[in-house]
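See below for the structure under consideration.
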Amino acid sequence: MAENVGKFFESVGNFFSGGDQIPWCDRDVIAGCEREVSDAQKGSSDEFFKECIMRLSWALVHSRQPEDVQRGIAMLEASVADANANANASPQQLREKLYLLAVGYHRSGDHSRSRELVEQCLMIAPDWRQALTLKKMNEDKIKRDGAIGIGIAATAVGLIAGGIAAAVARKK
């Protein structure tokens, strides 16, 4: 019995929290990546600098701090625009950038935009498990938000109807 009650409360908690399976990144990792980018700007190859930027972008979109996530999104948006303008960009690099951008939007709560970006990833690599998992997480969150919205609306309608019924009963 106690086990069933525990499972019930766990499922209710997961319903409201979303049960995010994407890893988080700490501030010290972000600081290390920022130092790496700064060092790479001082005479490293362009390829190494781009790798450092990707690591920093990864760390930022996996941060618990909303301002870090937004910074990562901005960096990745610019990087995706460059990749789309550059005919030499590999599809795998574009896929990685789109996925990280989708993670950023997922973390910031824009699940519709995240789902669109994941769809673009899946056009490049249809069987990519990380993207499929993120797609399902986005769809589940969109459904959950819709169910909560319907519940709130139904409660409001019930309260209004109850208020009208009480007012009519008082007048009689």
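This structure is a prediction, so every number in the text was calculated from the model and none was measured.
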Heavy-atom closest pair, residues Asp68 and Ser63: OD2-OG, 3.0 Å
Value rounded to 0.5 Å, distance of OG in Ser44 from CG in Asp39: 7.5 Å
Inter-residue atom distance His111.NE2 - Asp140.CG, 0.5 Å rounding: 10.5 Å
Glu67 atom CD, over 12 foreign heavy atoms within 6.0 Å: yes
From CA spacing to verdict: side chain to side chain contact (heavy atoms under 4.5 Å, CB included), Ser57, Ile53: CA-CA 6 Å; Ser57 299; Ile53 291 289; 4.2 Å; yes
Short N-O contact, Lys135 and Glu116, less than 4.0 angstrom: no
Candidate pair Glu51 and Met54, rule side chain to side chain contact (heavy atoms under 4.5 Å, CB included), full reasoning: CA-CA 5 Å; Glu51 288 174 17; Met54 281 301 292; 5.7 Å; no
Approximate separation, where rounding is to 0.5 Å, of Ile124 CD1 and Leu98 CG: 5.5 Å
Steps toward side chain to side chain contact (heavy atoms under 4.5 Å, CB included) verdict (Cys121, Trp128): CA-CA 8 Å; Cys121 289; Trp128 193 22; 4.2 Å; yes
Shortest non-hydrogen separation from Ala131 to Leu122 and the atoms involved: CB-CD2, 3.7 Å
Tyr99 reachable from Leu94 in the ILVMFWY side-chain graph, under 4.5 Å edges: yes
CH2 on Trp58 to CD1 on Ile30, rounded to 0.5 Å: 9.5 Å
Contact check, side chains of Gln65 and Val69, non-hydrogen atoms, under 4.5 Å: no
Verdict with supporting geometry, Phe49 and Gln41, side chain to side chain contact (heavy atoms under 4.5 Å, CB included): CA-CA 7 Å; Phe49 177 70; Gln41 283 178 320; 3.2 Å; yes
Hydrophobic cluster membership, Val118 vs Val80, 4.5 Å side-chain cutoff: yes
Hydrophobic cluster identity match, Met137 and Ile73, side-chain contacts under 4.5 Å: yes
ILVMFWY cluster, Val37 and Val61 together (side-chain gap under 4.5 Å): no
Donor-acceptor pair, side chain of Arg107 and main chain of Ile22, under 3.5 angstrom: yes
Rounded distance [0.5 Å steps], CG in Leu101 versus OG in Ser79: 9.5 Å
Sidechain-backbone polar pair: Asp110 side chain, Arg113 backbone, donor-acceptor under 3.5 Å: yes
Atom of Pro23, atom of His62 and distance for their closest heavy-atom approach: O-CD2, 3.0 Å
Heavy-atom pair of closest approach, residues Trp24 and Arg64: CD1-NH2, 3.1 Å
Where Leu134 and Ala102 come nearest, the two heavy atoms and their spacing: CD2-CB, 3.7 Å
Euclidean distance, Asn138 CG relative to Glu119 CD, rounded to 0.5 Å: 10.0 Å
